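First the structure, in the form of structure tokens, and then the observations on it.
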Amino acid sequence: MISAQRSDYAVAVAELATAAALVLATVLSIFLAAGGDDPVMRFHGYIMAAAAGLGVFAVFNKRFNRREGVSRDDPAGYNDEVIRAGVIASMFWGIAGFAAGLYIALELAFPGLNFDLPWLNFGRLRPLHTSAVIFAFGGNVLIATSFYVVQRTCKARLAGEIAPWFVFWGYQLFLVLAATGYLLGATQSKEYAEPEWYADLWLTIVWVVYLLVFLGTIWRRRESHIFVANWFYLAFIVTIAMLHIVNNLAVPVSLTSSKSYVLFAGVQDAMTQWWYGHNAVGFFLTAGFLGIMYYFVPKRAERPIYSYRLSIIHFWALIFLYIWAGPHHLHYTALPDWAQTLGMTFSIMLWMPSWGGMINGLMTLSGAWDKLRTDPVVRMLVVSVAFYGMSTFEGPLMSIKAVNSLSHYTDWTIGHVHSGALGWVGFVSFGALYCLVPWLWKREGLYSLKLVGWHFWISTLGILLYITAMWVSGIMQGLMWRAYDSFGFLEYSFVESVEAMHPFYLVRALGGALYVAGALIMAYNLWRTARGDVRASEMTPAVVPAQ
């Protein structure tokens, strides 16, 4: 009884402190909105003021609901409400990001679609698309799944009552600031790190709280063993924090200006950027989603991990090698040759741990291969692992200098990135969401497995059209750019190479449209599942006793 009273008192103090901080943030944001140096900062000041004001209301509403005994938590004591919110946010941002990607693909084929409007310019919509897919869709999937997995594998409730919600809503605020900033032209012009200084600062605060929530949950675990998926999640959280802070060191023009200047310059800035950029792929898009693979593939297949020892070797080899691979993005630049060669060498070495993880994921289905015929969710998860293996073969191949001299700056790189993003990240995320919705909303199963099958085949066809078009287009680009006539002059002008790519851009747009269609089918299926709808045609018929 005394322990419960102390716990309630601690939560009340935390809620009061949070509310006070949010009130202060509201006041400061209003001043920023009124006195910002430029329209972007003033607009974002209003957004931050609205977010902080809504936060105050949410804190007191949560306090009132708890006093009234209103709770949507899992009966076992897990904090599932924040995970449900994460699933909904994942689908919203996913469709938004995929749709933005389709639009800019169409812009490349039909440039008039920008309508001469600055906020529809390809240069502004492209970072909107990449951030929406990687950080909004992928980030919300990672936060939601990590919160689910760490609770179940540790048999402990998420640390903190307000902190998990702060992570979720704080991350959504960062995404809104970043997305609207892109459309308004506010950018650092750093690949995968475009948001300006104040958005980066806010993300740092949110990410530190995320780390503390995750570590706090592991600390209070009732299971002595730390499951391997949690190692991958932890590596993703810690390394992304380090990468984000170092790469985004900048000096703002003033505290009321949206503009800043990066601390590094020249080749040092390039090296820091691609140390960050490649490891954002390595730890955000690889390590984090491997955490998903190591939990959801065995769970859905109802089989243990093929080799727990291999999973540990996979983890430590990947963590050690990936961090050195960034310089392969800077072949034939001012970066010292030894650094370029170092990046290439470590990239090639990454073949071994990456394929070790792929083999571990695929072989987990040993004894359960029949599920590929009967369960399209398992099919989606397994194909995602296959795409992981293909992408981690192609990446090291493209890091070799001789190959890179042909592939760099071409659509081959775009095809490679999307084979990993759409095939590996997209499919493993879809598979996890298909698993989570029935579990979180306490449903016996998905609304329709047939719709999952349709989603799988439509999206797979879209991926194949996309990446094959970009492979052909990219290799053609590289060959046209390096073709010389008998007099030693370039055989093709740049405009001719662009004209030659037009048919492939149409195919890419078609592939993207199919992928968007698959995501819309999924959103409908999950919505009907959450509502509790059941398709009579897919229900298991009752057993009729023999006469």
Side-chain angles (χ1 to χ4, degrees), residues 89-115 117-142 171-172 174-196 199 203 273 276-277 280-281 284-285 289 391 409-427 429-430 459 462-463 465-467 469-470 473-474 501 504-520 522-523:
S90 298
M91 279 313 307
F92 168 78
W93 287 113
I95 291 173
F98 303 149
L102 173 59
Y103 192 82
I104 61 174
L106 288 168
E107 275 193 338
L108 287 175
F110 307 104
L113 286 175
N114 65 19
F115 300 110
L117 297 173
W119 47 85
L120 290 182
N121 185 281
F122 181 89
R124 295 191 183 185
L125 288 181
R126 191 266 177 178
L128 177 73
H129 160 63
T130 54
S131 293
V133 173
I134 297 172
F135 299 114
F137 170 66
N140 273 291
V141 168
L142 287 170
Y171 194 66
Q172 308 314 307
F174 163 74
L175 295 173
V176 171
L177 292 175
T180 54
Y182 299 152
L183 294 177
L184 294 171
T187 174
Q188 290 188 116
S189 302
K190 294 170 75 73
E191 185 77 3
Y192 308 135
E194 289 92 347
E196 273 290 358
L203 179 60
Q273 160 60 31
Y276 162 88
V281 174
F284 200 98
L285 297 177
F289 289 92
S391 299
Y409 305 120
T410 73
D411 286 337
W412 186 355
T413 303
I414 310 302
H416 164 64
V417 168
H418 282 79
S419 69
L422 302 178
W424 159 236
V425 173
F427 271 17
S429 298
F430 296 154
S459 294
I463 294 171
L465 287 173
Y466 192 113
I467 62 179
M470 290 298 95
S473 172
M501 290 185 290
F504 302 102
Y505 283 179
L506 293 176
V507 175
R508 169 168 69 174
L510 174 60
L514 291 172
Y515 202 82
V516 173
L520 291 172
M522 178 184 185

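All values derive from a computational prediction rather than experimental measurement. Along the sequence shown, residues are numbered consecutively beginning with 1.
- Among residue pairs with one or both ends in residues 505-520, those qualifying as side-chain hydrogen bond (donor to acceptor under 3.5 Å, both in side chains) are D411-Y505; sequence neighbours excluded.
- F284 CZ to I134 CD1: the interatomic distance, rounded to the nearest 0.5 Å, is 8.0 Å.
- Partners of P195 according to the side-chain contact (heavy atoms from CB on, under 4.5 Å) rule, which considers only residues two or more places apart in sequence or in another chain, are F174, A178, Y182, A199, D200.
- The OG atom of S419 sits 12.5 Å away from atom CH2 of W424, with the distance rounded to the nearest 0.5 Å.
- Y171 pairs by the ring-ring contact (aromatic ring centres under 6.0 Å, His included) definition with nothing, not counting sequence neighbours.
- Residues meeting the side-chain contact (heavy atoms from CB on, under 4.5 Å) test with T180, sequence neighbours left out: F43, H44, I47, V176.
- Between A109 and L506 the shortest heavy-atom distance is CB-CD2, 3.8 Å.
- Contact between H416 and S391 at its shortest, heavy atoms only, is CE1-O, 3.2 Å.
- Here the closest heavy-atom approach between residue L106 and residue A509 is recorded as CD2-CB, 3.7 Å.
- Annotation: salt bridge (charged side-chain N to carboxylate O under 4.0 Å, His left out) contacts involving residues 178-189, sequence neighbours excluded, are absent.
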Sequence neighbours left out, cut at 3.5 Å: what donor-acceptor pairs do the side chains of residues 91-104 make with other protein atoms?
from : atom 1 : to   : atom 2 : distance (Å)
W93  : NE1    : Q172 : OE1    : 2.9
Y103 : OH     : L113 : O      : 2.5

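- For L514, the side-chain contact (heavy atoms from CB on, under 4.5 Å) partners are I458, L461, L465, not counting sequence neighbours.
- When all heavy atoms of F137 and S90 are compared, the pair lying nearest together is CD1-O, 3.1 Å.
- Atom CG of residue L128 and atom CD of residue E194 lie 10.0 Å apart, to the nearest 0.5 angstrom.
- Evaluation of the side chain to side chain donor-acceptor pair (under 3.5 Å) rule for S429 yields no partner, not counting sequence neighbours.
- At least one side-chain heavy atom of E196 sits less than 4.5 Å from a side-chain heavy atom of Q188.
- Separating the CZ atom in F427 from the OG atom in S459 is a distance of 5.0 Å, to the nearest 0.5 Å.
- Within the structure, salt bridge (charged side-chain N to carboxylate O under 4.0 Å, His left out) contacts touching residues 105-115 (residues at least two apart or in different chains) do not occur.
- The side-chain hydrogen bond (donor to acceptor under 3.5 Å, both in side chains) contacts involving residues 118-129 comprise R126-E191, where partners must be two or more places apart or lie in separate chains.
- Distance check, rounded to the nearest 0.5 Å: CG of L175 to CG of N140 gives 6.0 Å.
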